[in-house]
Structures are given as C-alpha cells and as structure tokens.
Engineer: 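If you scroll down you'll find the structure; I have some questions about it.
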Amino acid sequence: MLLFFTLGLLIHFVFFASIFDIYFTSPLVHGMTPQFTPLPPPARRLVLFVADGLRADALYELDENGNSRAPFIRNIIMHEGSWGISHTRVPTESRPGHVALIAGFYEDVSAVAKGWKENPVEFDSLFNESKYTWSWGSPDILPMFAKGIDTNGHAHRPSSRDYKHNIKKVDDGVKEIVSMFNHFYGNDGKTTFIFTSDHGMTDWGSHGAGHPSETLTPLVTWGAGIKYPQRVSAQQFDDAFLKEWRLENWKRLDVNQADIAPLMTSLIGVPFPLNSVGILPVDYLNNTDLFKAESMFTNAVQILEQFKVKMTQKKEVTLPFLFTPFKLLSDSKQFNILRKARSYIKHRKFDEVVSLCKELIHLALKGLSYYHTYDRFFLGVNVVIGFVGWISYASLLIIKSHSNLIKGVSKEVKKPSHLLPCSFVAIGILVAFFLLIQACPWTYYVYGLLPLPIWYAVLREFQVIQDLVVSVLTYPLSHFVGYLLAFTLGIEVLVLSFFYRYMLTAGLTAFAAWPFLTRLWTRAKMTSLSWTFFSLLLAVFPLMPVVGRKPDISLVMGAGLLVLLLSLCVVTSLMKRKDSFIKEELLVHLLQVLSTVLSMYVVYSTQSSLLRKQGLPLMNQIISWATLASSLVVPLLSSPVLFQRLFSILLSLMSTYLLLSTGYEALFPLVLSCLMFVWINIEQETLQQSGVCCKQKLTSIQFSYNTDITQFRQLYLDDIRRAFFLVFFLVTAFFGTGNIASINSFDLASVYCFLTVFSPFMMGALMMWKILIPFVLVMCAFEAVQLTTQLSSKSLFLIVLVISDIMALHFFFLVKDYGSWLDIGTSISHYVIVMSMTIFLVFLNGLAQLLTTKKLRLCGKPKSHFM
C-alpha cells in the first residue's frame, strides 16, 4: 500500500504540474526588431501619475455639496486636456496594472506561479526604451504611483471619509509636481502629463476580480501633443456616468489600459515596447494626420513582428507535414496589407491607414493566441489518457483486493505473455523518437510516456477485467444503469457545487429524502426524521451570502447560547448515569462550558472595543490564544466512549470557532455536527438492515487506538454511498459558508479577537484553522462511522481516490488561463483541492484518530480501552 501511495503521489504531482505547461506558459516572445515613428515627437518628457486603487467614479463624481474631490484634475478636464475611462483587464492587481501601463501587455499568466508578484520572463517596457527614467513608489513595482488611496480603501472601504480625503491629497500632490516641472523647464510646453490608476476597488475594499468598480479607472492627459477639451452636445455610452459626474458636455475618450503604453511611446518618440499589444488611441493626439497615420502603422508593424517570431519558433520545432499555419494571416496577406497602408499614406488617405492598421493588429493578435495554444490539444490528450488509466487501475485494485464482486468468478490464471510488455516498450520508443525529432522540452516526454506504464498495469489485470464484465452481466441491467446514473449525477453535483454553492443545497435536500426512499423510515422513524431535519437545516447555509460581507455579532452570540444549552442537556443526562460518570469527566465538561462562555464574552467585548476605536484588549487576546491552544488538548481528557468524546471535541472546537466568527457561520459547525451525530446512528441502522453485522449499542462503543484488523469486512456496493457521503460533507465544509478557494472570500475581521496588527502569515494561519474545524468534525464523525460499520480506512481511501480523481478530470478541462485573478486562481484552486483530497484525507484521518482515540488523565496512569 505504501508503494501504491508513493507512486500515486508522484503521478498526481505530474498531473498537477501539467496545467502549468498546458495553460500557464508565457505568451511573451523575444527577438523582435524595435519599431518607432519616423517623425519628430511633440513632447520631450512625460510625467506618469498612477494613483493606486483609485476608482473612476471616486475621482470624477462630485461630493454632496456639488464640489469635486480633485479640483485641480477637474480643472484640467474642463480647460486643458482630454479625459476618459481606462478599462483595466483582470487580474486587477497593482503589478499587472503597471505592467499594462508601461509595457503594453496584460499580465503574463505564467506569473500565477509567482503569485503575480514578479514575471518569470523578461519583457520590454517604455522605461527600457526611454533615455532616462526616474520612478518613485512601492519597492515591488517600478513605476511611480501615489500610495495611500489603496491602503485606505482596504482598511476603511472606498465609501469612507478617509478614502475620499486621500483623493484630495493626491490632487494637491499632482498640482504641486506639475507646477514644479513647468517652473523648472521654463514653461516650454514640451512636457506631457498622464494621470491614471492601476486598478479600482469593490465597495467592500477588495480587488483582483472583474467587477466594474475594479476595472474602471480614470485617465486624464494634458500637455504637449494632447488634444484640448472638446465640447459636445451629446455622447452615447452604455452607462449613465456622464450625467452623474456632470461631464456630459466634455468629450469622453475611453481606452483599454494597455493602450496607454503606445500613447506615451508616440508622444515622446521612443520605440514601441516589443511585447506591447496595446492599440494607439489616436483621438488623444493633437498632431497632424500624417503623424497619427505613421504612428498607427508603426504600432501595427510592432505587433506583427511578435506574430512572425511566434510563428517561426513554432515552425522550427514542428515536422513540416504536421505544421498547420494560421490561415487568416498568411505571408501574402501581411505583405498586401502593409503595401496598401504605405500606398494610402503616400496618397494622404490617413483615415483608411488607421482602419487598415487596426485590422492588421486584430489579425496578428488572433494569430499570436493561435500559436501560443498550438500544443495544448496534444498535451491535454496525453494527460487525459493518463488520468483515465490511473482511475481504471485504482478501481480494479478496489474490486480485486477489497470486494467480493468477482469472488468465485475467476478462472485459472494464465501464464503471462511477453507480448504485452514488448508492445508497450515499442510504443514508448516511438513516442520518445517522435518528441526527440521535434526538439520538445523534457516535460513533454513525461506527459507522453507516463500513460504507458499506467495502462500496462491496467491491462495486466485483464483477468480481473474479464471477471468483472462477467459479474456485471449477471447483474440486472436496470439496477446497474440506475446505480451508474446515480453515481454520475452525484459526481456532477459535487463538481457544480464548486461553482454554484446552491448545488450543495440541492444535494442536501436529496439526502433529506433518502430515508423515505429506503426501508429506513419503517425501521427507525425518529432517526430518519432527525436526519431529514438537520439535512434541510444545513441546506440553508449555501444559500446565505458569502461570510464577511455583513458581520452580525448577535448571530455569534446566538450560536454560543445554543452550544451552552446543548452542553447543559448532555451534562444533565450524563450526571444521571452515576455508574459511569466520574468527577474528572464532569470537570472536563465544565471547563469546556467555561471556555465557551469566555469566548462569547471576548467576541462581544472585542467588537465593542473596536467600535470605540480602543483596539484589542490585552486580556481578550490572552484568553483567545489560550482557548485556541487548549482546543486540541482538552478533548483528550474526556471519556473515550464514542458520543462523549465526539461531544467533547465539538465543545472545544466551537469555543475557537466562535472567536473566529463574524456572523451566521458560527452556527454552521453546530448544525453540521448535529447531522454528523445522526449520520453515525443512521449508518448503523443501514448496515443492520442489510444484514452485514449485528447492531451494537452506540453508548457502549469506545474509540480504541489498537483496532482489531480481523473485524474489518469486505466492501459492499453501499460503501460507495458512504464514501460519497464523506466527500460530499467535506465539500460542504469547504463551501458551506463561502468560497475557500479564494482569499477574497474572507474578512480580516475574523481574526480581530487574536490580533489587529496586519500580519499576513499569522492571519492566514488563523483563517486556515477556521476552515479546518468543520473538516475535523466531519472526519471525527467518520471515524465513528468506520468503527460502527467495521469499514477499513484503506478501502475507503481507494474509493475516495477514485471519486476525487474523476472530479479532478472534470476540473482539468475547467482550468482557466484568462479572466480575473480570482477566476484564474479559483480554477487552479479547485483543481488542486480535488487532486489533494486523498492526501488531505490522510492528514485529517490522522488528526481525527488522535482526537478520538488518545486519552490523557489529569493524574494517575492512563487506562487502556478496548471495543
């Protein structure tokens, strides 16, 4: 099993790494010839202001008194320059925004591996092409940008007085710098000024995704080479901003963020950045039509150069008979467009030149994308073949070693033939030779050759496959199709729940109806009704808004009171059983009740203190950390009797969870645990109904570290449902109260009982523990299910492996290399989550075993407990 686990880990690592070769390779190319406009530029110098995190509406709108928050920039719009909205691309983060502004291309998706903090491939920029560049700003971002707006937006939200007041400070700073430049250069009229932002910000103070508040940023330009304000009577836009901002009479010129780089390039006469994909916004230029046409032509040639280099690179490493060129932009078409554009310039048809160059740019960009994704299909097919092979092998291993499905069907084992291994070796040599003559990277050999040993292992089990087919054919067709459809539907619901949380509600509603579709309802009415009630109650949580958007401490207090009420009921019932309830157990429960009361007090008093802006009280901080530290130790002091130990774990973890809660999510672990308690009961009823084992009283079962292996049974068809329930409850723990695949789903207010000073690693660790608590509760409950149903964790591991790998295959096709930082990151996170599910399960299983089976005593020697 250890060898299988090690090989499985290696194979899954290759499958995971493959997405970076398939989806996240850099689109940037090198070796292009620099292109510049052959006419004198209008400006000798350019000043770029980038206000970090400034939304367009925050700058342009008037305050409640009808005054501008940025009077200097407002005056520029009305009397000196041109203005508009710069549409940023996602990810709406600082570094990607600055890359678009100074280099003219949108974020290199391969930078996802570096957390968008640096580019793994060198690129050209406006700064490289200029003679001198002076920049001030953040250490990790070269260009200058005004610090303060973004920080205030994160801390106080964009609607706050602090954020809006900061805009006035930035406006004053811009005014001062402009005055300084004009005075220093003697008002020579050769300076161009550009004011913009790297990204906007949502109303709740985050950015990274594609909401209009994040992607709409201001652009104000004035000085040398820039058009003066143009008065207009009417303008047509899809939004109503002009009227809101009272700028309907001043012409608005919108651009894409990457278009600002070629604009700056043409204004100061330096070569266009080699990797730029921006299109020159000629409407901003105050120059001759010839200058505009020549600049646009240079822009088109510069982007066409990238297309040519990309095509040449791909052609050189592909066999001639396999190479398929981009048909929309052949060599002859390129030549014809360029010749026609030169002819138009010669005949002074400048408008035609501009439109023709835009057409060429559009085709070149499509061609760049075509060659960038040229190998994607080949690599994808290889990974899919490997995936399917691995899932098949794991399934055969379950059937062969852990089930009775083919027992009695097997025939006499034949002597292995040498034909199979020889065939696979021959195929491997052919694949390696094919990749070698195309000079492919070493990773291509891994993806191409890995499926061969996997499928060899599958086909070696031909006898098992043959027996399985015979066994399935004896099974009623309607039953087989029914089970297959139910399994497929279950997998699809799990996959969809990663994108649409309400799918968890649909699944839990189906769970609620399950006892009524079986004979459970007739055997255990109370248990069935409890299962239905708590399933429907848990189904409410995925319909609630993402945690953190609307904090509500009263719900946290309510959850604490429910925990106390439940504790009172349990302690009272245990005190009646004087024979088994000793003083030490009572002390442990009272200690946990006290911890819950203290947690409620800390949450309430911390909230009140922060509202009064008095900070986090030291005593509250000490209590919070002490509660967290004791949450994994106190349960070990409780009785190893099944329900007593599980309840003790719930009380300890709930104390910590209350401290980390800001709203309705405080109720989530409580409802989840109630459903888990019912699950333990209902699974025992199910097993007894099927006649697999005799029912044992749950009150007499104890967790034992040394489990008797002989008690484990072979797998039955119903065990697939148990494994599916486990996976479903784990996914519900993931997405029940938000999207844990994205850090944007969390509110820093969750950790304010522990610390208020910004510490990303400590805050991240606390949030991670908050995420893990529902998982630990599920796994502890499943430890009890395994114990009561005599299910081997080894066989369970294999079933969960198959389920998670089928889900991973879905997510492999759903990985995105476009869209927002949030979309790209989330698609990778989904893939990683399901790929890591089995490894994660091993870790959680170990933690659950520790919490359920270990016993500490306040004094004396530890007792041994047996089932």
Side-chain angles (χ1 to χ4, degrees), residues 2-27 108-114 120-121 313-314 316-319 322-323 371-394 396-397 420-460 801-802 804-817 824 827-839:
L2 182 63
L3 179 62
F4 175 81
F5 183 76
T6 307
L7 289 173
L9 198 64
L10 181 65
I11 289 165
H12 280 74
F13 176 76
V14 172
F15 288 160
F16 169 66
S18 69
I19 63 170
F20 292 97
D21 271 324
I22 296 170
Y23 294 101
F24 299 105
T25 51
S26 176
D108 178 356
V109 290
S110 64
V112 70
K114 306 264 185 181
V121 179
Q313 286 179 354
K314 189 51 60 184
E316 285 174 352
V317 295
T318 308
L319 294 172
L322 291 176
F323 181 71
Y371 286 119
H372 178 59
T373 58
Y374 195 85
D375 291 335
R376 187 169 290 182
F377 179 77
F378 167 74
L379 295 173
V381 166
N382 277 286
V383 171
V384 169
I385 291 170
F387 246 127
V388 173
W390 172 256
I391 292 167
S392 304
Y393 181 68
L396 289 172
L397 194 62
L420 188 65
C422 291
S423 301
F424 273 90
V425 168
I427 293 168
I429 292 168
L430 284 173
V431 170
F433 181 71
F434 174 75
L435 295 171
L436 183 68
I437 58 176
Q438 295 198 96
C440 291
W442 67 271
T443 51
Y444 282 41
Y445 289 85
V446 176
Y447 308 137
L449 296 173
L450 183 64
L452 295 175
I454 294 173
W455 276 101
Y456 172 68
V458 171
L459 295 178
R460 273 189 68 189
L801 178 68
V802 171
S804 61
D805 279 345
I806 292 170
M807 290 170 66
L809 192 56
H810 277 71
F811 287 115
F812 176 78
F813 293 106
L814 296 172
V815 172
K816 287 184 175 182
D817 61 345
I824 295 169
S827 71
I828 297 172
S829 300
H830 288 167
Y831 185 62
V832 173
I833 287 167
V834 291
M835 287 286 282
S836 312
M837 193 173 284
T838 43
I839 302 163

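Everything numeric here is computed off the predicted structure, so don't read it as measured data.
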Engineer: Please work out whether the ring planes of Y831 and F812 are parallel, tilted or perpendicular, with thresholds of 30° and 60°.
Structural biologist: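 Tilted, since the angle between the ring planes falls between 30° and 60°.
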Engineer: Verify, without hydrogens or angle tests, whether W455 (side chain) and L450 (backbone) share a donor-acceptor contact under 3.5 angstrom.
Structural biologist: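 Such a contact is absent between W455 side chain and L450 backbone.
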Engineer: Would you please test H810 and I806 for side-chain contact (heavy atoms from CB on, under 4.5 Å) and show each step?
Structural biologist: CA-CA 7 Å; H810 277 71; I806 292 170; 4.2 Å; yes
Engineer: Nearest 0.5 Å please: distance from the CE atom of M835 over to the CG atom of L809.
Structural biologist: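 So the CE of M835 and the CG of L809 are separated by 10.0 Å.
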Engineer: What's the separation between atom CD1 in I22 and atom CZ in F378, rounded to the nearest 0.5 Å?
Structural biologist: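 With rounding to 0.5 Å, CD1 (I22) is 10.0 Å from CZ (F378).
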Engineer: Which heavy-atom pair separates L322 from Y374 by the least distance, and what is that distance?
Structural biologist: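 Distance-wise, the nearest heavy atoms are O-OH, 3.3 Å.
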Engineer: OG1 of T443 to CG of L379: how many Å apart, nearest 0.5 Å?
Structural biologist: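 T443 OG1 to L379 CG: 7.5 Å, rounded to 0.5 Å.
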Engineer: Which atoms form the tightest heavy-atom contact between N382 and P451, and what is the distance?
Structural biologist: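 Where N382 meets P451 most closely, the heavy atoms are O-CG, 3.5 Å.
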Engineer: Contact between F434 and Q438 at the side-chain level, heavy atoms closer than 4.5 Å - yes or no?
Structural biologist: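 Of all side-chain heavy-atom pairs linking Q438 with F434, at least one is under 4.5 Å.
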Engineer: For R460, look at atom CZ and say whether over 12 heavy atoms of other residues, nucleotides or ligands are found less than 6.0 Å away.
Structural biologist: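 It does not: R460 CZ has 12 such atoms or fewer within range.
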Engineer: Report the C-alpha distance between Y444 and D375 in whole Å, list the side-chain angles of each, state the deciding distance to 0.1 Å, and finish with yes or no for side chain to side chain donor-acceptor pair (under 3.5 Å).
Structural biologist: CA-CA 10 Å; Y444 282 41; D375 291 335; 3.1 Å; yes
Engineer: Could you check whether any side-chain heavy atom of L9 comes within less than 4.5 Å of a side-chain heavy atom of T6, counting everything from C-beta outward?
Structural biologist: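 No; the side chains remain at least 4.5 Å from each other.
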Engineer: As an exercise, state the distance from CD1 of I454 to CG of L7, rounded to the nearest 0.5 Å.
Structural biologist: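 Nearest 0.5 Å value for the CD1-CG distance: 9.5 Å.
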Engineer: How far does CG of L396 sit from CG of L459, to the nearest 0.5 angstrom?
Structural biologist: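 Interatomic distance, L396 CG to L459 CG, rounded to 0.5 Å: 9.5 Å.
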Engineer: Please report the closest heavy-atom contact between V834 and A808, naming both atoms and the distance.
Structural biologist: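 In this case the closest contact between V834 and A808 is CG2-CA, 3.5 Å.
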Engineer: Between G389 and V458, which heavy-atom pair has the shortest distance, and what is it?
Structural biologist: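 Closest heavy-atom pair between G389 and V458: O-CG2, 3.3 Å.
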Engineer: Any donor-acceptor pair under 3.5 Å linking the side chain of Y447 with the backbone of V381?
Structural biologist: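 Pair absent, no side-chain N/O of Y447 close to backbone of V381.
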Engineer: Would Y371 and Q313 count as a side-chain contact (heavy atoms from CB on, under 4.5 Å) if you check the C-alpha gap in whole Å, the side-chain angles of each, and the deciding distance to 0.1 Å?
Structural biologist: CA-CA 9 Å; Y371 286 119; Q313 286 179 354; over 6 Å; no
Engineer: At what distance, to the nearest 0.5 angstrom, does CG of D805 lie from CZ of F387?
Structural biologist: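 The CG atom of D805 sits 5.5 Å away from the CZ atom of F387.
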Engineer: Using the rule given for side-chain contact (heavy atoms from CB on, under 4.5 Å), can you reason through L801 versus W390, listing the C-alpha separation, both sets of side-chain angles and the distance that settles it, and then say yes or no?
Structural biologist: CA-CA 10 Å; L801 178 68; W390 172 256; 3.9 Å; yes
